[in-house]
Number of protein chains: 2
Amino acid sequence: MVSIVSVAKVAGVSNKTVSRVINGEPYVTEETRERVERAIRDLGYVPNMAARQIRSSRSNTFGIIADYVSTTPYSVDIVRGIQDWANANGKTILMANTGGASEQEIKIWKMFQSHGIDGVLYVTMYHRIIDPETGDVGIPTVMINCRPKTSELLPSIEPDDYQGARDLTRYLLERGHRKIGYIRLNPILLGAELRLDAFRKTTGDFGLAASDLSIRLGMEGPVGAEKNYVFAAATEMLQQRDRPTAIMSGNDEMAIQIYIAAMALGLRIPEDVSIVGFDDFRTVSLALRPELTTAALPYYDLGLQGAELLNSVVAGSDVCPSSRVMSCNLVERLSVCSL
Amino acid sequence: MVSIVSVAKVAGVSNKTVSRVINGEPYVTEETRERVERAIRDLGYVPNMAARQIRSSRSNTFGIIADYVSTTPYSVDIVRGIQDWANANGKTILMANTGGASEQEIKIWKMFQSHGIDGVLYVTMYHRIIDPETGDVGIPTVMINCRPKTSELLPSIEPDDYQGARDLTRYLLERGHRKIGYIRLNPILLGAELRLDAFRKTTGDFGLAASDLSIRLGMEGPVGAEKNYVFAAATEMLQQRDRPTAIMSGNDEMAIQIYIAAMALGLRIPEDVSIVGFDDFRTVSLALRPELTTAALPYYDLGLQGAELLNSVVAGSDVCPSSRVMSCNLVERLSVCSL
DNA sequence: GAAAAATATGTCGACGTTGTCATGCGTCTG
DNA sequence: CAGACGCATGACAACGTCGACATATTTTTC
């Protein structure tokens, strides 16, 4: 193992001087600095993080604890955002998934503690309210895509589902749609309620009556084993005499079934029925024909901002532990037409 | 910080005895062991990995270096497999993404070295042949979902695209299909060639002529910015007088467009045209109606086995650095009918 | 019942790094 | 020119853990 000591020997200086060079401390002659740097290059020296950590009790490592995020296709962009931030700021990321099991969660907190993690990003796959088993370990924590249930608040960052659904609804209304169908997300998800509320409120404000709305449940049951009514619901909705001219889908994935249901009934998209999604899950939204108009969940930014926020918490700046919210931008594609 | 020393003080023994208890070494009375364990619990002691590593020069940590895997929806199951193995075997996972940039890659290898990583899993999003910039760091490495180009071989684990496509083709042939269309994956991907070869070979063996086959390119161009011809290709294919009774899609995602193309032409699936995918990317294969018959990429097992294999390499057992291959199981759903 | 073996516990140092303090040298101030 | 100051460097200890070795106690063996 090539250590600071071997570098010092080769450069003909003390180890402390090498340490100074490595850490960019002042009070080193240009000449010694160069000698040391050459020795570092020649020997291929790399600092030993474990030793640093033991000395400084700072690991420069953040932990991600997730339910399924990194192992599920949907919210990977959160992780990407975090990693990009970490990369740009010289931090390392240690990742663990609970798979939803709370005994796992406790084990993971212990593991984080063991590794002297500086801070934890608590990430969930679906936007929801939870009660993190922080294991009372006292590591600074920021929640991403979820919000703590209990009063002992942790700072959190969430997508603005309400605003996203409101913008989407307005978009349809502005294009002349007055009969609108809505196929609901699984009600366990926080987004489901927020999106539906926004839909109801916005159509109401615009003067639509309850009879102009056609609302159906698309999915229900435990995440990962839900019952799927989307195709049936869409088919039924589109067979009504007075069928909606536009359908809002709880998310993009569900929109696949709505497309297929519409086409099976011989309806053209968007001429006969307009469809909008939610999430901008691009594997779907860009694969559908016509491409899907939808509201983009700000996953990447959630990750980036979350890491940034955690960093300031760790650095000790007094972040008030409130919930920060990021907007969902409307992505206009070709699945909606004006009437 | 509660260390071994504080535990020793409380338990009234030497630190070495505490160390012995922690590591389950023999030669400790039942009585002392209990006293120590109680002290550990009372103080909430957790071993300090950094210190351990510095002492033993083993970190019990594996690194994942990926192009985009963990930040892309497709192959997250590889990561899940690795993490499950790590969890079950008390290893920790450090994860980094190159985003495809090779200067990133070098940086990441340095970082791994800095952290004293025991072994590295080199994972790619798409099955392909690459030349890893291992940074000549000499950390044991196993490649997952890819194969090294150069002669200095590293052990690798890959999916058996050929077998998967062969089984899928046979499945169609056995059900009486004699006119079969094929929409090709992006040819940069190793899977594209293997799958197409299998399709050609298997139909040929079965006695189909080239004229019975209708092969079109679905996508091309750099990953992430490819040109997409799928919808057009499928539409054109299905408008032929002598249209195929079944279409094999390069992957599940492309099948979305094939479904829509077929339906737009008023064709029913599977009565008028059968469709099979590849990958079993469940967000798609289970969302399509009828659900998609496909071959499942063994991603989870790739991860699990890869971690296992890396572990034996690290432990020093002489693993011959050859390529191991895992089969793609056919998943029968409802998108194919017998003629 | 003495020597040998097995069991139980302790002391000490080293891993690689950096913070604290000390030292040496040159330059400035009055 | 004495003292103060700024700069450049080094000596040393300490972080938490565990391996090597030493010591103390008990058990086995003939």
Side-chain angles (χ1 to χ4, degrees), chain A residues 1-40 43-61 90 92 110-118, chain B residues 1-40 43-61 90 92 110-118:
Chain A
M1 169 101 229
V2 21
S3 76
I4 244 181
V5 183
S6 20
V7 174
K9 231 173 258 165
V10 170
V13 297
S14 76
N15 11 6
K16 181 66 223 202
T17 300
V18 177
S19 169
R20 272 192 266 263
V21 172
I22 294 166
N23 297 294
E25 288 172 30
Y27 303 140
V28 182
T29 343
E30 197 47 42
E31 195 251 326
T32 6
R33 164 162 280 123
E34 268 164 24
R35 247 196 1 268
V36 171
E37 271 164 357
R38 156 174 300 273
I40 288 176
L43 294 168
Y45 165 81
V46 176
N48 181 324
M49 292 302 176
R52 269 196 187 164
Q53 179 179 347
I54 226 183
R55 218 29 270 273
S56 61
S57 53
R58 276 295 228 86
S59 62
N60 270 300
T61 303
T92 307
K110 277 245 164 66
M111 187 268 275
F112 279 171
Q113 210 183 164
S114 234
H115 280 273
I117 293 294
D118 296 333
Chain B
M1 169 104 228
V2 21
S3 77
I4 246 183
V5 183
S6 19
V7 175
K9 231 173 259 165
V10 170
V13 296
S14 77
N15 9 4
K16 181 67 225 202
T17 300
V18 177
S19 170
R20 270 192 268 263
V21 172
I22 294 166
N23 297 295
E25 288 173 30
Y27 304 140
V28 182
T29 342
E30 197 47 43
E31 195 250 326
T32 7
R33 166 162 279 124
E34 269 164 23
R35 249 200 355 271
V36 172
E37 272 165 356
R38 156 174 300 273
I40 289 176
L43 294 167
Y45 165 81
V46 176
N48 181 323
M49 292 302 176
R52 274 198 183 161
Q53 178 179 347
I54 225 182
R55 203 53 254 282
S56 61
S57 54
R58 278 294 227 85
S59 62
N60 271 301
T61 302
T92 306
K110 277 244 164 65
M111 187 267 278
F112 279 171
Q113 209 183 164
S114 234
H115 280 273
I117 292 294
D118 295 332

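Naming convention: chains lettered A, B, ... in sequence-line order (proteins, then strands); numbering from 1 in each chain.
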*Asks:* Using a strict 4.0 Å threshold on nitrogen-to-oxygen distance, state whether B:Glu34 and B:Arg38 make a salt bridge.
*Replies:*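 So B:Glu34 does not pair with B:Arg38 through a salt bridge.
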*Asks:* Write down the distance between CZ (A:Arg55) and C1' (C:dA14), rounded to a whole number of angstrom.
*Replies:*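 After rounding, the gap between these two atoms is 15 Å.
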*Asks:* Starting at NE2 of A:His115 and ending at P of D:dT17, how long is that distance when rounded to a whole Å?
*Replies:*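 Going from A:His115 (NE2) to D:dT17 (P), I get 13 Å.
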*Asks:* If you only use heavy atoms from C-beta on, which nucleotide in D:dC7, C:dT20, D:dT17 is closest to the side chain of A:Lys16?
*Replies:*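 Shortest atom-to-atom distance from the side chain points to C:dT20.
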*Asks:* Rounded to the Å, how far apart are A:Asn15 CG and C:dA14 C1'?
*Replies:*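 Rounded to whole Å, this separation is 14 Å.
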*Asks:* Scan B:Thr32 against the nucleic acid and name what it touches under 4.0 Å (heavy atoms): base, sugar-phosphate only, or nothing.
*Replies:*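 Answer is sugar-phosphate: B:Thr32 comes under 4.0 Å of backbone atoms only.
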*Asks:* Which part of the nucleic acid, if any, lies within contact of A:Pro26, taking any heavy atom under 4.0 Å across all strands shown: a base, the sugar-phosphate backbone alone, or nothing?
*Replies:*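 The answer is nothing, as A:Pro26 stays clear of every strand by at least 4.0 Å.
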*Asks:* What is the nucleic acid contact for A:Ser3, judged by heavy atoms within less than 4.0 Å: base, sugar-phosphate only, or nothing?
*Replies:*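 Here A:Ser3 touches the backbone only, sparing every base.
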*Asks:* Just to confirm, is there a sub-4.0 Å distance from OP1 or OP2 of D:dT17 to any side-chain nitrogen or oxygen of B:Tyr45?
*Replies:*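 Checking B:Tyr45 against D:dT17: at least one side-chain N or O falls below 4.0 Å of OP1 or OP2.
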*Asks:* Does D:dC18 have OP1 or OP2 sitting under 4.0 Å from an N or O in the side chain of B:Arg52?
*Replies:*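 Yes, B:Arg52 has a side-chain N/O under 4.0 Å of OP1/OP2 on D:dC18.
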*Asks:* Taking only N and O in the side chain of B:Tyr27, is any of them less than 4.0 Å away from OP1 or OP2 of C:dT7?
*Replies:*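 It does, given that an N or O in the side chain of B:Tyr27 lies less than 4.0 Å from OP1 or OP2 of C:dT7.
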*Asks:* Any heavy-atom pair between the side chains of A:Thr61 and B:His115 that's under 4.5 Å?
*Replies:*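 Sidechains of A:Thr61 and B:His115: in contact.
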